[in-house]
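For ligands, and for the atoms within them, numbers begin at 1 and follow the listed sequence.
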Amino acid sequence: MSLKIQVINPNTSAAMTEVIGQAAQNVANIGTEILAVCPKKGVASIEGHYDEAISAIGVLDLIQQGKELNVDGHIIACFGDPTLHAARELAEAPVIGIAEAAFHMATLVATKFSIVTTLERTKIIAEYLLNEYGFRDHCAQIRCIDLPVLALEQDPDFAYQQLLVSCTQAKNNDGVGAIVLGCGGMAEMAERVSAELNIPIIDGVRAAVKLVEGLHGMGLKTSKWGDYDFPRKK
Ligand code: 2AL
């Protein structure tokens, strides 16, 4: 079964889009084609509520483009899952946010998880999502590596070392069985950290690819019965 999955990086960083696309392709089934895209206009990185708002129209424009290409699923590859519900109204193929994908996967392999994200100020976004999706009781801690999103591509070796330190602290101190990586730009670091620490490390980009493939295998699409129906014509 060949699938086409559109992976949308909501920030405008081409380098990060490439990393995200590669991580997605690496985990995809043979025959699944990954189309990794980012908006031409918007913000270079998403680190707060303002950045999320600015990114929204770019994400929705890309969802529309994906529809015209007949993709089988869309992934919103930013840890705040910006514009997820609006994207689901517009699309009919499944739309998966990387935070929700990671939370779901983490609770299938562990009762509790910690999140390791980028900047302190982004922690509030993860907190809101845990509440919204009903995962609050499963999350022990939200830790951050105190680096901005773009540092992940500017100095990936240093960022990896910081990530390793935070994940080690989470493993040793938080009483968790799994760790969720809290940024799309960390996607290709998950396997390395996991091998080093011997604990499941869940990156939402790869989790989302497997969820889209799973939904497709079950013939499930976004429900058009109820609030995810197409936006009303005005
Ligand atoms: C993110 C992310 O995943 N991509 C981005 O630009 N900002 N979120 C985050 N907490 O670092």
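Looking at C183 next to ligand 1, no N or O pair under 3.5 Å apart turns up. For ligand 1, the polar-atom distance check finds no N/O of E47 at less than 3.5 Å from any of the ligand's N/O atoms. Between I98 and ligand 1, a contact under 3.5 Å exists for no N or O pair. Residue S45 has no nitrogen or oxygen atom sitting less than 3.5 Å from a nitrogen or oxygen atom of ligand 1, judged on distance alone.
Looking only at heavy atoms of the protein, atom 11 (O) of ligand 1 is closest to T118 OG1, 2.8 Å. The protein non-hydrogen atom at the shortest distance from atom 4 (N) of ligand 1 is C78 SG, 3.6 Å. Residue, atom and distance of the protein heavy atom nearest to atom 7 (N) of ligand 1 are I46 O, 2.5 Å. Remark: minimum distance from atom 3 (O) of ligand 1 to any protein heavy atom is reached at G184 N, 2.8 Å.
Distance check, rounded to the nearest 0.5 Å: CG of L150 to OG1 of T118 gives 10.0 Å.
Judged purely by distance below 3.5 Å, without hydrogens or angles, the side chains of E68 and Q64 pair a donor atom with an acceptor atom. A side-chain donor from one of T32 and E213 sits under 3.5 Å from a side-chain acceptor of the other. Inspection of the E196 and Y160 side chains reveals an N or O donor paired with an N or O acceptor under 3.5 Å.
Listed by number with element, the atoms of ligand 1 under 4.0 angstrom from any heavy atom of T122 are 10 (N).
Ligand 1 has at least one atom lying under 4.0 Å from a heavy atom of G182.
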Check your understanding: Hey, mind stepping through E89 and K67 against salt bridge (charged side-chain N to carboxylate O under 4.0 Å, His left out) and telling me if it holds?
Key -> CA-CA 12 Å; E89 284 186 32; K67 273 177 75 162; over 6 Å; no

Exercise for review: For H104 and Y133, run ring-ring contact (aromatic ring centres under 6.0 Å, His included): C-alpha distance rounded to whole Å, both residues' side-chain angles, the deciding distance at 0.1 Å, then the answer.
Suggested key: CA-CA 9 Å; H104 279 279; Y133 300 150; 7.4 Å; no

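With a 4.0 Å heavy-atom cut-off, ligand 1 is reached by the side chain of V149 but not by its N, CA, C or O.
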Could you give the side-chain donor-acceptor pairs of residues 140-149 under 3.5 Å, partners two or more places apart or in another chain?
{"residue": "R143", "atom": "NE", "partner": "D174", "partner atom": "OD2", "Å": "3.0"}
{"residue": "R143", "atom": "NH1", "partner": "Q169", "partner atom": "OE1", "Å": "3.4"}
{"residue": "R143", "atom": "NH2", "partner": "D174", "partner atom": "OD1", "Å": "2.8"}

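For the side-chain contact (heavy atoms from CB on, under 4.5 Å) test with I57, the passing option among V59, I54, D61 is D61; the others fail.
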